[in-house]
Amino acid sequence: MSQPPGPAPLPARPLLITGARRADAGSGDLLIMDGRYADPADAPADAERVDADGLLALPGLVDPHTHLREPGREDTETIATGTAAAARGGYTAVLAMANTTPVTDTAEAAEYVLDVGAREGSAQVQPVGAVSKGLAGEELAELGLMARSRARVRMFSDDGRCVHDPTLMRRALEYVRTFGGVIAQHAQDPRLAGGQACCHEGEVSGRLGLPGWPAAAESTIVARDAQLAALTRSRVHVCHVSTAETVEVLRWAKQRGIAITAEVTPHHLMLTTDEVVGYDPTYKVNPPLRPAEDVTALREALADGTIDAVGTDHAPHARQDKEHAFADAAFGMLGLETALGVLIETMINTDRSDWSRVIEAMSHAPARIAGLPGQGRPIAIGEPANLTLIDPQARASVDAAASLSLSRNNPWHGRDLPDPVRMTVWAGRVTYRHD
Ligand code: DOR
């Protein structure tokens, strides 16, 4: 059997995990050997025994939307630190967005990210390729060369910017269809949003005197892209859905059988525009936090599958870029370490979803959407051993200073949240242990 994608094979000790429950049915001991699950009856005498009594075993989480800042801004995050934070959050794979410096818009750039990930990562790092050269929105990047490279790029995105030109979007969709790729769109009409927008357009923006984005800047692009996906018989994925209007458009498109998928961030599932009232730039994010009605619609859409997946949009920033007046600060917030905790709080503890839905949204669906064959697989003999052991009852107060990320723009600092992850195993190797 070929090696699953993962770190260079290490003489990792076999692991015999006893007592863990399985959310996706099944129970019993788990043996991990040579990077895969094996029959516990074959456990060698020197296997390390892990007592997982009372813990739940989930397939390793997959983040379809991570900003690692390497190359270019290693002062804010490296592939090593970002994936260490990912492992702590229960992730075994991340899709690394293309808005690095230089941009991941060539085969060489994609292979660079892949190689550093394989060498230094605590999780699988799969590069996302840019749709347009330099994210400039004018000329298609080397989509085919990236797809055929060692990095085997399947997901393309100009995230941080919208692919606004409909002809470019159409060409990109046509192109990726030839190799089963997908365009992940940051849906936001820049003309409707305006260059200065920095929060949701509504009552709060009016009161604070901040320029805002109307919800329609997102939903109109999603409606357009759904129709372009239908026209090209290709696949579009909507990044970080943030409004109730977009949910309606997704429902409409899915009913028609259009190949559209979508993700929601943990912060859009819990935080609202009210956070912005204190002008704290920690809560400045793109797309912006929205009113409570949108949060409710997003939770419903995630529960019923209209939104397929959870993506963190983990976006580390240096203090000097973030600690400004609200209008001038960088967009983005950390999310990898807290994502599962927020999902437990918003979806499980509210009885909106059961575990199988959360596992689907945080592991199976993102792996499928992004085309990662060795990830998001069931916990079964012969499968790659990507695993997260969690205690769903454990809680903690989030401490930004204790983060494994290099950055501190953590919107969850000081909040009491589920802190479930006890151990993460990527391709048979332990990448995180809670002490
Ligand atoms: O808030 C955001 N930050 N949204 C994006 O789309 C980009 C990201 C970043 O790269 O910082």
Side-chain angles (χ1 to χ4, degrees), residues 65-69 73 75-77 82 85 97 99-100 135 157-162 186-190 192-218 221 239-243 246 263-295 298 311-339 342 398 400-401 403 405-415 417:
H65 194 138
T66 301
H67 295 276
L68 302 171
R69 302 297 194 199
R73 283 304 302 265
D75 58 317
T76 64
E77 199 78 288
M97 279 295 165
N99 65 340
T100 45
L135 307 175
S157 183
D158 275 1
D159 180 69
R161 301 193 190 162
C162 181
H186 183 136
Q188 193 173 71
D189 189 323
L192 266 179
Q196 304 306 313
C198 60
C199 63
H200 172 71
E201 181 184 299
E203 194 243 317
V204 170
S205 67
R207 203 147 34 96
L208 300 182
L210 294 172
W213 279 277
E218 179 175 292
I221 292 290
C239 296
H240 40 51
V241 171
S242 70
T243 72
T246 298
E263 72 191 28
V264 62
T265 71
H267 47 273
H268 288 110
L269 286 172
M270 195 187 253
L271 305 177
T272 69
T273 327
D274 289 346
E275 305 292 346
V276 173
V277 169
Y279 293 99
D280 180 349
T282 312
Y283 299 103
K284 181 174 173 182
V285 66
N286 180 1
L289 300 177
R290 305 284 189 182
E293 308 82 82
D294 293 288
V295 171
L298 295 173
T312 68
D313 200 3
H314 177 85
H317 285 293
R319 279 189 209 286
Q320 71 266 25
D321 298 324
K322 198 65 178 157
E323 290 180 4
H324 285 285
F326 195 87
D328 303 325
F331 289 103
M333 40 180 70
L334 301 188
L336 282 167
E337 290 162 297
T338 43
V342 174
V398 178
S403 173
S405 166
L406 279 185
S407 289
R408 293 291 174 261
N409 52 314
N410 191 330
W412 310 104
H413 176 68
R415 286 176 207 252
L417 279 179

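In this text the structure is predicted, and so the values were computed from the model without any measurement.
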Undergrad: Of all residues at least two apart in sequence or in a different chain, which pass the side-chain hydrogen bond (donor to acceptor under 3.5 Å, both in side chains) check with Arg408?
TA: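 Checked Arg408 against side-chain hydrogen bond (donor to acceptor under 3.5 Å, both in side chains); zero matches.
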Undergrad: Could you report the tightest heavy-atom contact between Leu135 and Asn99, atom names first, then the distance?
TA: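 That would be CD1-CB, 3.5 Å.
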Undergrad: Just by distance, do the side chain of His317 and the backbone of Ala330 share a donor-acceptor pair under 3.5 Å?
TA: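 Checking the backbone N and O of Ala330 against the side chain of His317, no donor-acceptor pair under 3.5 Å is found.
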Undergrad: Would you say the side-chain atoms of Tyr283 pair up with the backbone N or O of Pro411, donor to acceptor, closer than 3.5 Å?
TA: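 At least one qualifying donor-acceptor pair exists.
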Undergrad: Hey, can you tell me if His240 and His65 have their rings parallel, tilted or perpendicular (30° and 60° cut-offs)?
TA: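 The rings of His240 and His65 sit tilted, inter-plane angle from 30° to 60°.
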Undergrad: What heavy-atom pair brings Asn410 and Leu334 nearest, and what distance separates the two atoms?
TA: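 Answer, listing the atom of Asn410 first, then Leu334: CB-CD1, 4.3 Å.
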Undergrad: Compare every heavy atom of Glu218 with every heavy atom of Pro287, then report the nearest pair and how far apart it is.
TA: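 Taking every non-hydrogen atom into account, CB-OE1, 3.9 Å.
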Undergrad: Is Lys322 reaching over with its side chain to a backbone N or O of Asn409, donor-acceptor style, under 3.5 angstrom?
TA: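 Not at all, since once roles are kept as given, no pair shorter than 3.5 Å links the two residues.
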Undergrad: Looking at Met333, His267, His268, which one forms a side-chain contact (heavy atoms from CB on, under 4.5 Å) with Asp313?
TA: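 For Asp313, the side-chain contact (heavy atoms from CB on, under 4.5 Å) check succeeds only for His267.
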Undergrad: So, using salt bridge (Lys or Arg N to Asp or Glu O under 4.0 Å) as the criterion, who are the partners of Glu337 when residues are at least two apart?
TA: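 Glu337 satisfies salt bridge (Lys or Arg N to Asp or Glu O under 4.0 Å) with Arg88 only.
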Undergrad: Taking salt bridge (Lys or Arg N to Asp or Glu O under 4.0 Å) as the definition, give me every residue that meets it alongside Glu201, ordered by chain and number, with sequence neighbours left out.
TA: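 In terms of salt bridge (Lys or Arg N to Asp or Glu O under 4.0 Å), with neighbours along the sequence ignored, Glu201 is linked to no residue.
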Undergrad: Show the nearest heavy-atom pair for residues Gly82 and Leu336, with the distance to one decimal.
TA: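 Nearest pair, atom of Gly82 first, then Leu336: O-CD1, 3.5 Å.
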Undergrad: Just do the salt bridge (charged side-chain N to carboxylate O under 4.0 Å, His left out) check on Arg69 and Asp75 with the steps written out, would you?
TA: CA-CA 8 Å; Arg69 302 297 194 199; Asp75 58 317; over 6 Å; no
Undergrad: Does Gln320 CD have over 12 foreign heavy atoms under 6.0 Å away?
TA: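 Yes, the 6.0 Å shell around CD holds more than 12 heavy atoms from other groups.
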Undergrad: What closest approach, in Å, do Cys199 and Val276 show between heavy atoms, and which atom pair accounts for it?
TA: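 So the minimum-distance heavy-atom pair works out to CB-CG1, 4.5 Å.
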Undergrad: Please list all pairs passing the side chain to side chain donor-acceptor pair (under 3.5 Å) test where one or both residues lie in residues 284-293, with sequence neighbours left out.
TA: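 Sorted result for residues 284-293: His186-Asn286, Gln188-Asn286, His200-Arg290, Ser242-Arg290.
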Undergrad: In Å, rounded to the nearest 0.5 Å, how long is the span from CG of Leu289 to OG1 of Thr272?
TA: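 Between atom CG of Leu289 and atom OG1 of Thr272 there are 7.0 Å.
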Undergrad: For Val342 versus Pro266, what's the shortest heavy-atom pair and its separation?
TA: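 In this case the closest contact between Val342 and Pro266 is CG1-O, 3.6 Å.
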Undergrad: Tell me every residue that passes side-chain contact (heavy atoms from CB on, under 4.5 Å) with Val204, counting only those two or more places apart in sequence or in another chain.
TA: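 Arg207, Leu208, Thr273, Asp274, Val277.
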Undergrad: For Tyr279 and Leu210, what are the C-alpha separation, side-chain angles and deciding distance, and is it a side-chain contact (heavy atoms from CB on, under 4.5 Å)?
TA: CA-CA 10 Å; Tyr279 293 99; Leu210 294 172; 4.1 Å; yes
Undergrad: Apply side-chain contact (heavy atoms from CB on, under 4.5 Å) to residues Phe326 and Thr282 and explain how you reach the verdict.
TA: CA-CA 9 Å; Phe326 195 87; Thr282 312; over 6 Å; no
Undergrad: Checking His67 against Asp159: is there a side-chain donor and acceptor pair closer than 3.5 Å?
TA: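 Distance-only check passes for Asp159 and His67.
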Undergrad: For Asp158, give me all partners under side-chain hydrogen bond (donor to acceptor under 3.5 Å, both in side chains), at least two apart in sequence or on another chain.
TA: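 Residues passing side-chain hydrogen bond (donor to acceptor under 3.5 Å, both in side chains) with Asp158: Ser132.
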Undergrad: Would Phe331 and Val285 satisfy side-chain contact (heavy atoms from CB on, under 4.5 Å), going step by step from the backbone distance to the final call?
TA: CA-CA 4 Å; Phe331 289 103; Val285 66; 5.6 Å; no
Undergrad: Step by step, would you call Asp189 with Ile221 a side-chain contact (heavy atoms from CB on, under 4.5 Å)?
TA: CA-CA 6 Å; Asp189 189 323; Ile221 292 290; 3.9 Å; yes
